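The structure presented is a predicted model; accordingly, all values stated were derived computationally and were not measured. Chain letters run A, B, ... following the sequence lines, proteins first and then strands; every chain starts at 1.
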Amino acid sequence: MGRPPCCDKPGIKKGPWTPEEDLILVSYIQEHGPGNWRSVPINTGLLRCSKSCRLRWTNYLRPGIKRGSFTPHEEGIIIHLQALLGNKWAAIASYLPQRTDNDIKNYWNTHLKKKLIKLQETIGSHDPFAIEAATVNPEFAGVQLQQQHPHSPPPMLPAQITSQGCSKGG
DNA sequence: AAGGCATTCAACCGCCTAAAC
DNA sequence: AGTTTAGGCGGTTGAATGCCT
């Protein structure tokens, strides 16, 4: 036998969370801390799967989450990291602590994808670093049209990015 | 003002990996 | 060492909302 069963009770509730459920979840986590998600629905009486609790906390209730539109700088970081790491949203989110992986993923799929396609057409390049530069600096697109760099700069490590511009100290 | 279409975002699903037994 | 499960992640979906005709 391995670990005890999880989340197998019938009547698991799905769909949007109510403010009451949020309150229960937040209160419980404030008291016990995040982790051991299996115990959350058991101890709180929430009719939610442990996964659902974790997701709700991680993506919405967790303190310090910044909501609202992304800044051009954040966009640039996301584009850069996406070029480096691919669709590793959790890894990308780790460089933007105020944003969740789900948020970044949604933003990428709804905004940046389209933006990139347009930029690729505008600057005539599929180079992700040129596109990133054009995103942060719209004027760069015009420069690209004139210069058409023979090769793009070497990829910047995420640590470099954070040290350069992500030091929004709270 | 109403209906239809497009967009956004919260949440679910399924898969993978690490951990517990 | 093998089996089983929890936790984590990325992809996808569907309801809500806004915009256009």
Exercise for the section: Mind checking side chain to side chain contact (heavy atoms under 4.5 Å, CB included) for A:Arg56 and listing every partner two or more places apart, or none if nothing turns up? Expected result: A:Trp17, A:Asp22, A:Leu25, A:Tyr60, A:Leu61
Completion exercise
Residues in residues 21-33 of chain A with a heavy atom under 4.0 Å of DNA chain B, by number, are none
Practice task
Look at A:Asn109 and C:dT12 and indicate whether a side-chain polar atom (N or O) is within less than 4.0 Å of OP1 or OP2.
Solution key: no
Handout entry: A:Trp37 side chain near C:dG8 phosphate (N/O to OP1/OP2, under 4.0 Å)
Key = yes
Exercise for the section: Check the distance between C:dG8's C1' and A:Arg62's CZ and give it to me in whole angstrom. Expected result: 14 Å
Practice task
State whether A:Arg38 places a side-chain N or O below 4.0 Å from either non-bridging phosphate oxygen (OP1 or OP2) of C:dA6.
Solution key: yes
Fill in the blank from the handout: Rounded to whole Å, CG of A:Asp101 lies from P of C:dG7 at a distance of 17 Å
Practice task
Check whether any side-chain heavy atom of A:Val40 sits under 4.5 Å from a side-chain heavy atom of A:Asn36, and report yes or no.
Solution key: no
Completion exercise
Counting primed atoms, P, OP1 and OP2 as sugar-phosphate and everything else as base, the B/S/- map of nucleotides 8-15 of chain B against protein heavy atoms under 4.0 Å is SBBBBSBB
Practice task
Go through the structure and list residues passing side chain to side chain contact (heavy atoms under 4.5 Å, CB included) with A:Ser69, not counting sequence neighbours.
Solution key: none
Exercise for the section: Write down the distance between CG (A:Asn36) and P (C:dT5), rounded to a whole number of angstrom. Expected result: 17 Å
Practice task
Can you sort out the partners of A:Tyr28 under ring pair (Phe, Tyr, Trp, His ring centres under 6.0 Å), two or more places apart, ordered by chain and number?
Solution key: A:His32
Practice task
Report yes if some heavy atom in the side chain of A:Lys13 is under 4.5 Å from a heavy atom in the side chain of A:Glu21; otherwise report no.
Solution key: yes
Practice task
Provide, to the nearest angstrom, the distance between the CG atom belonging to A:Asn87 and the P atom belonging to B:dC16.
Solution key: 17 Å
Problem - Phosphate OP1/OP2 of C:dG8 contacted by A:Thr58 side-chain N/O (<4.0 Å) - result: no
Practice task
Could you check A:Ser39 against A:Ala91 and say which one's nearest nucleotide on DNA chain C is further toward the 5' end?
Solution key: A:Ser39
Practice task
Examine C:dG10: is either OP1 or OP2 under 4.0 Å from a nitrogen or oxygen in the side chain of A:Trp108? Give yes or no.
Solution key: no
Exercise for the section: List for me each residue that meets salt bridge (charged side-chain N to carboxylate O under 4.0 Å, His left out) alongside A:Arg99, sequence neighbours excluded, and say none if there are none. Expected result: A:Glu74
I'd like a table of donor-acceptor pairs (distance under 3.5 Å, sequence neighbours excluded) in which one partner is a side-chain atom from residues 82-90 of chain A, with atom names and distances.
{"unit_1": "A:Gln82", "atom_1": "NE2", "unit_2": "A:Asn87", "atom_2": "OD1", "d": "2.5"}

Problem - Any side-chain heavy-atom pair of A:Leu55 and A:Trp37 under 4.5 Å - result: no
Practice task
Taking side chain to side chain contact (heavy atoms under 4.5 Å, CB included) as the test, write out the residues that go with A:Lys113, two or more places apart.
Solution key: A:Trp108, A:Asn109
Problem - Atom pair distance, as rounded to whole Å: NZ in A:Lys88 and P in C:dG8 - result: 17 Å
